[in-house]
Every structure is written in C-alpha cells, then in structure tokens.
Amino acid sequence: MPAFSPVTSNKLYMQIFHQLRDAIMAGTFQVGDKLPSEKELCEMFGVSRVPVREALCALELNGLVESNQGQGVFVKEIHSVTNDWINEIDPQDIIQTRMLMEPEVARCAALNISEVEKTRMREIIERFRREAEDKVYSEITDRDFHMSIARASGNHMFLVLYDMIWKAMEQRMWSLILSRTVTAEENRKQHYEEHMQIAEAILAGDSEAAYNRMKAHMEDLDRRYWN
C-alpha cells in the first residue's frame, strides 16, 4: 500500500486525485487492482467522503479506473488502443525521443522535486549501487529511476509519455540494444555512475547540471547503439 501524503484544505479532491493518479502511473496499482475503499481512503487522507468520491469520479472520467457496483473501484488499462503499435516503432525512434525529452524532464525534476520524491530517488540509487556491485543489470530499477524523474518533474503528462516509451521498449529488438549498451558487463559501472550523477544534480536542485548530465547519458546510449 502506498504512503499517501496529507492533504491541505485547498481543492481536496484534486490533491487526492493527483496522488492516486501518480500511484497508478507508477505501477503501485496495476491494471485490475482494486483501489482501497472509500472508507480506507478517507482514513489515509484524513478527509470526509465527499472529496474522496470526487477524486474517484475524476479518475473514472480520465479513464484510469472503473467502478463496479458493490465490488469497488478497479484500475483500467491506461491506453485504449491495442499494443500492436509497440512492434511498429523503430528502436532508433525511441532513442531519439528519449534524447529530446529526458534532459528537459530532468531539468524540471531538479526544479520541482519534493522531499518524498527525493527519498524515493535515493532508494532507487541505492538499488543501482548494490546491483552494480553484484555486476547485474535490472531493467526494473532502470525504469523506476526514469519514472521517478518524471514524477519529480511535477508534470503528469511526462508520466504518461514515459509509460508509453517503456512499453515500446518491451519489443524484442530492444533486448538486442540493451545487450550492446547497458547490460554489457563493460558498460554497467558507467551506467550506474551516469545515473548517480544525474540523481545528484536533481537532488541538489541544479537544473542545468541535471539537463546536461541526462543529455550526456542519452548521447552515450545513442553512441553505444551505433557502435
């Protein structure tokens, strides 16, 4: 169960909506999962049922959940289109999109990161460190790191776009790219160090350093893809 933050009196339902939406986009609640009951959410957020119901309604209107009478509220598939599009995307298009997008997202994250997201990012970096010591690569940790940057940016659209990018990276061709880049043993240490440098800049609130370090990281990924 995610640790939700207390909400203030200003637009209660929107604050609850944003936190629940972030939890869904982050994968804390998977497709098909049942959300906590209204009573449980009231207790978690310390509010009455009215803003909770309004937040759940907003989630449903945004296509994130569906309400089943007498059963509860369940997470829906975010994208209404089929996943056939995944295998139609050229891997180079993925890299180019990431090169253009991720430096700016890192810049925004450095400017807007909350204390909660700082803690989350430190935890992910610690996982990176342990995996680097064990000489292993975890795609889950890699994804969690980049998704944490999207959350820290404060722009919820970035979460949607990142989710689409990582879905596109599930195609089989991407496994070959990973074998040439981050999963290769000679690259794992550098991969960890680059993520460390990006995280340090974001945690320090240095937006330009965050931008430049993410840009260098993406350019290095592109270089290794072609070599």
Side-chain angles (χ1 to χ4, degrees), residues 1-83 85 101-102 104-124 127 140 143-167 199 202-203 205 207 210:
M1 190 67 64
F4 293 119
S5 302
V7 294
T8 62
S9 59
N10 185 34
K11 294 184 179 178
L12 286 175
Y13 89 93
M14 285 301 296
Q15 296 179 61
I16 297 169
F17 165 73
H18 286 152
Q19 291 194 52
L20 289 173
R21 179 176 62 178
D22 286 355
I24 292 171
M25 296 303 298
T28 304
F29 295 111
Q30 301 288 327
V31 174
D33 283 353
K34 181 181 177 180
L35 294 185
S37 67
E38 284 187 8
K39 181 180 178 181
E40 290 171 325
L41 289 172
C42 290
E43 293 173 353
M44 291 176 184
F45 290 108
V47 297
S48 67
R49 292 200 175 210
V50 173
V52 166
R53 287 176 178 171
E54 290 176 341
L56 292 174
C57 181
L59 287 171
E60 191 163 7
L61 289 171
N62 278 268
L64 296 174
V65 302
E66 59 183 351
S67 178
N68 294 332
Q69 188 68 32
Q71 296 182 10
V73 179
F74 297 83
V75 178
K76 289 176 59 178
E77 175 65 50
I78 294 174
H79 306 296
S80 59
V81 298
T82 66
N83 285 336
W85 60 272
M101 178 178 169
E102 296 215 35
E104 190 58 45
V105 178
R107 190 207 304 271
C108 291
L111 294 172
N112 298 300
I113 189 167
S114 66
E115 291 302 319
V116 171
E117 292 302 331
K118 284 182 179 180
T119 299
R120 193 197 307 264
M121 186 170 292
R122 290 188 183 103
E123 291 172 351
I124 295 171
R127 279 161 51 193
I140 294 174
R143 180 186 186 278
D144 286 350
F145 176 74
H146 288 275
M147 291 296 286
S148 74
I149 295 175
R151 282 192 300 272
S153 73
N155 185 325
H156 296 288
M157 191 65 201
F158 285 151
L159 276 170
V160 176
L161 295 174
Y162 268 42
D163 184 65
M164 293 183 68
I165 288 171
W166 285 91
K167 275 186 169 58
I202 292 173
L203 292 170
S207 59

Full working for side chain to side chain contact (heavy atoms under 4.5 Å, CB included) between V75 and L64: CA-CA 6 Å; V75 178; L64 296 174; over 6 Å; no
Side chain to side chain contact (heavy atoms under 4.5 Å, CB included) between L56 and L41: does it pass, once the steps are laid out? CA-CA 10 Å; L56 292 174; L41 289 172; 4.1 Å; yes
Evaluate salt bridge (charged side-chain N to carboxylate O under 4.0 Å, His left out) for E66 paired with K76, printing each intermediate quantity in order. CA-CA 6 Å; E66 59 183 351; K76 289 176 59 178; 5.1 Å; no
Which is it for I165 and H146 under the side chain to side chain contact (heavy atoms under 4.5 Å, CB included) test, yes or no, and what are the steps along the way? CA-CA 11 Å; I165 288 171; H146 288 275; over 6 Å; no
Evaluate the criterion side chain to side chain contact (heavy atoms under 4.5 Å, CB included) for residue pair H156 and M25; output intermediate values, then yes/no. CA-CA 9 Å; H156 296 288; M25 296 303 298; over 6 Å; no
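Among residues two or more places apart in sequence or in another chain, the side-chain contact (heavy atoms from CB on, under 4.5 Å) test is passed with R143 by M147, D163, W166. Considering only residues two or more places apart in sequence or on other chains, F145 meets the ring pair (Phe, Tyr, Trp, His ring centres under 6.0 Å) condition with F128, H195. With sequence neighbours left out, Q71 forms a side-chain contact (heavy atoms from CB on, under 4.5 Å) with N68, F74. Taking the side-chain hydrogen bond (donor to acceptor under 3.5 Å, both in side chains) definition, one finds that S37 meets it with E40, sequence neighbours left out. Not counting sequence neighbours, the partners of K118 by the side-chain contact (heavy atoms from CB on, under 4.5 Å) test are I113, E115, R122, L203. S67 is linked by a side-chain contact (heavy atoms from CB on, under 4.5 Å) to E60, V73, counting only residues two or more places apart in sequence or in another chain. Residues that satisfy the salt bridge (Lys or Arg N to Asp or Glu O under 4.0 Å) test with D22, not counting sequence neighbours, are absent from this structure. E104 pairs by the salt bridge (Lys or Arg N to Asp or Glu O under 4.0 Å) definition with R107, not counting sequence neighbours.
By the 4.5 Å heavy-atom criterion applied to side chains, F17 and E54 are not counted as neighbours.
V105 and A150 make their closest contact through CG1-CA, 3.9 Å (heavy atoms, listed as atom of the first residue, atom of the second, distance). The two atoms that bring S148 and I124 nearest to each other are CB-CD1, 3.8 Å, heavy atoms only. Across every non-hydrogen atom of A210 and A110, the tightest pair is CB-CB, 4.0 Å. Between L12 and P51, the shortest heavy-atom contact is CB-CB, 3.7 Å.
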Extract all donor-acceptor atom pairs below 3.5 Å that involve side chains of residues 43-50 and protein atoms in other chains or at least two apart in sequence.
none

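Within the model, atoms CZ of F29 and CZ of R21 stand 15.0 Å from one another, a figure rounded to the nearest 0.5 Å. Atom CG of L159 is separated from atom CD1 of I24 by 11.5 Å, given to the nearest 0.5 angstrom. Atoms OH and NE2, on Y13 and H18 in that order, are 8.5 Å from each other to the nearest 0.5 Å. To the nearest 0.5 Å, the span separating OG on S153 from CD on E117 amounts to 9.5 Å. Atom CD1 in I202 sits 4.0 Å away from atom CD1 in I149 (nearest 0.5 Å).
Counting only distance, with no hydrogens or angles, the side chain of N112 and the backbone of A152 share no donor-acceptor pair below 3.5 Å.
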